[in-house]
Amino acid sequence: MQKMSRVIIVTIIVIIAVTAIAIIKLMPHKAIGISVGDEAPSVSFTLINGTIVNLSQLRGHYVLLYFITTWCSGCAAGVETINYYAPLIAAKKILVIVVESYDDLGYQGMPLPQFMQRFGGPSRNWLVAGYANLTATEKYNPDGYPDIYYLVNDRGIIIYKNVNLASTFSQALDEIKAIK
Amino acid sequence: MGLNPHDRFNMVINAMKLILMDHRLAAIFLSSIPLLFLLYYYLFTSTALGYLYLGRLYIMYSIIASLIFSVLLSASLVMDVYAALMRRRTRRSLGGLAAAVAATMLPSTCCSPLLPSLVALIGGSYLAITMTGKIQGLIGIYDPILISIAVVLSLVSLYLSARSIQGGCESCRR
């Protein structure tokens, strides 16, 4: 009887834990911050070479905006994934901006230039890397995810958004392949 | 008086022999290995565990780590089931198993959105942006050390589970 009640208690705890995890896993897709269909907020980034770029200057181009942290293995895999799809990205004339989230989200990983050199592949004129300030990070990465990416169309509208680029980029490919 | 490593190893081997002699327990052990392997493999590869250090070889790192954890934890779990059936106290060995499971899951949380989502929900955006990296960054940078600690804890869990069914632990008897 005692054993049965313990089994029941453990089973209830496991069910509650799994349900909580399932609910939380759905949270990245809820409408927090900016969503698909919204106009991409106009923010500035400081590139590695010191140039300041404002997202609004890039209207007329499709932009893949990728917020990363340099201590995250998934981000390293994500940047290599972009490298892997370079021919498609180049063919669709998409500009890729890889930005380190504000202060590397509180923990300094590898310096960004070193990170891009190691995982970013050969230098390309459509791929730039830089740093996001607190305002830009609060707008585009309000939950402080290790990585999050947006596909912005030529009119400045967000047409795709997701986290964990290395694992989810295949879903973004449908949007990319539809670009004329 | 403590056992020497050779005696501890023999205790684990003898416990495994006891398990494998029972068809039901052997079936549970053999069927839980692939299930746990697939779980760990998914967790580790979906977060690209080890990519910072190993690049594309992270797949091998994930496969090896998943295999080690699935075998060790399956063995511990089945031994704890056997101990429970033999009416031996399992609190210490179950605690060891729980600690080992937590330790094996920890490295994959470095790149998971779970912690940031929780922190943002409780403390807001500024806290999530400035604080979650302090935890996840440490996990991400030191994941090989964390994996090594998880392997050690899994071995300890296996030993504790073996001890509880081998009669080497007087306080384990009910």
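Side chains are part of it too, since the values below use all heavy atoms of this structure and drop only hydrogens, waters and symmetry mates. First the proteins, then the strands, lettered A, B, ... as listed; each starts at 1.
- For B:I139, no part sits under 4.5 Å from any heavy atom of chain A, backbone or side chain.
- Note on A:W126 and A:Y150: same hydrophobic cluster, where clusters join Ile, Leu, Val, Met, Phe, Trp and Tyr whose side-chain heavy atoms are under 4.5 Å apart, directly or indirectly.
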inquiry  = Could you go through A:F115 and B:L52, starting from their C-alpha distance and side-chain angles, then the distance that decides it, and tell me whether this counts as side chain to side chain contact (heavy atoms under 4.5 Å, CB included)?
reply    = CA-CA 9 Å; A:F115 183 91; B:L52 273 179; 4.2 Å; yes

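- Note on B:L30 and B:L35: separate hydrophobic clusters, where clusters join Ile, Leu, Val, Met, Phe, Trp and Tyr whose side-chain heavy atoms are under 4.5 Å apart, directly or indirectly.
- Surrounding OH of B:Y142 are at most 12 heavy atoms belonging to other residues, nucleotides or ligands under 6.0 Å away.
- Near-neighbour residues of residues 60-74 of chain A relative to chain B, defined by a heavy atom under 4.5 Å from a heavy atom of that chain, comprise A:T70, A:W71, A:C72, A:S73, A:G74.
- Judged by distance alone, with hydrogens and angles left aside, the side-chain atoms of B:K134 form a donor-acceptor pair with the main-chain N or O of A:G106 at under 3.5 Å.
- Counted within 6.0 Å of CD on A:Q117, heavy atoms from surrounding residues, nucleotides or ligands total 12 or fewer; the atom is thus considered open.
- Within the 3.5 Å criterion, the main-chain N or O of B:S46 finds a donor-acceptor partner in the side chain of A:S167.
- Under the 4.5 Å side-chain criterion, counting only non-hydrogen atoms from C-beta, A:P146 is not in contact with B:S112.
- Inter-residue side-chain proximity for A:Y145 and B:T132 is flagged as unmet; no heavy-atom pair is nearer than 4.5 Å.
- Both B:V78 and B:L85 sit in one connected hydrophobic cluster of ILVMFWY residues. Membership requires side-chain heavy atoms under 4.5 Å apart, directly or through other members.
- The side-chain hydrogen bond (donor to acceptor under 3.5 Å, both in side chains) analysis of residues 92-102 of chain A, with sequence neighbours excluded, yields the pairs A:S101-A:N141.
- Between chain A and the options B:G124, B:G137, B:A48, the largest number of non-hydrogen pairs under 4.5 Å is found for B:G137.
- Cluster membership for B:M21 and B:M86, using ILVMFWY side-chain heavy atoms within less than 4.5 angstrom, is shared.
- One distance of note links CE of B:M131 with OH of A:Y107; it measures 13.5 Å at 0.5 Å rounding.
- For the pair B:R56 (side chain) and A:A77 (backbone), a donor-acceptor distance under 3.5 Å is absent.
- Put simply, of B:T47, B:L138, B:V119, the one with the most heavy-atom pairs under 4.5 Å next to chain A is B:L138.
- For chain B, no part of A:A166 is nearby; none of its heavy atoms comes within less than 4.5 Å.
- Only the backbone of B:Y53 has a heavy atom closer than 4.5 Å to any heavy atom of chain A.
- Considering CG of A:D103 and CD1 of B:I129, their distance stands at 11.0 Å, rounded to 0.5 Å.
- Atom CZ of A:R59 has more than 12 heavy atoms from other residues, nucleotides or ligands within 6.0 Å.
- Distance OG1/B:T130 to CG/A:L105: 9.0 Å, rounded to 0.5 Å.
- The CD1 atom of B:I141 sits 10.5 Å away from atom CD of A:Q108, with the distance rounded to the nearest 0.5 Å.
- Within 6.0 Å of CZ on A:R124 lie more than 12 heavy atoms contributed by other residues, nucleotides or ligands.
- Taking a 6.0 Å sphere around OH of B:Y126, one finds it holds 12 or fewer heavy atoms contributed by other residues, nucleotides or ligands.
- Hydrophobic clustering (side-chain heavy atoms under 4.5 Å, transitive across Ile, Leu, Val, Met, Phe, Trp, Tyr) keeps B:Y51 apart from B:L146.
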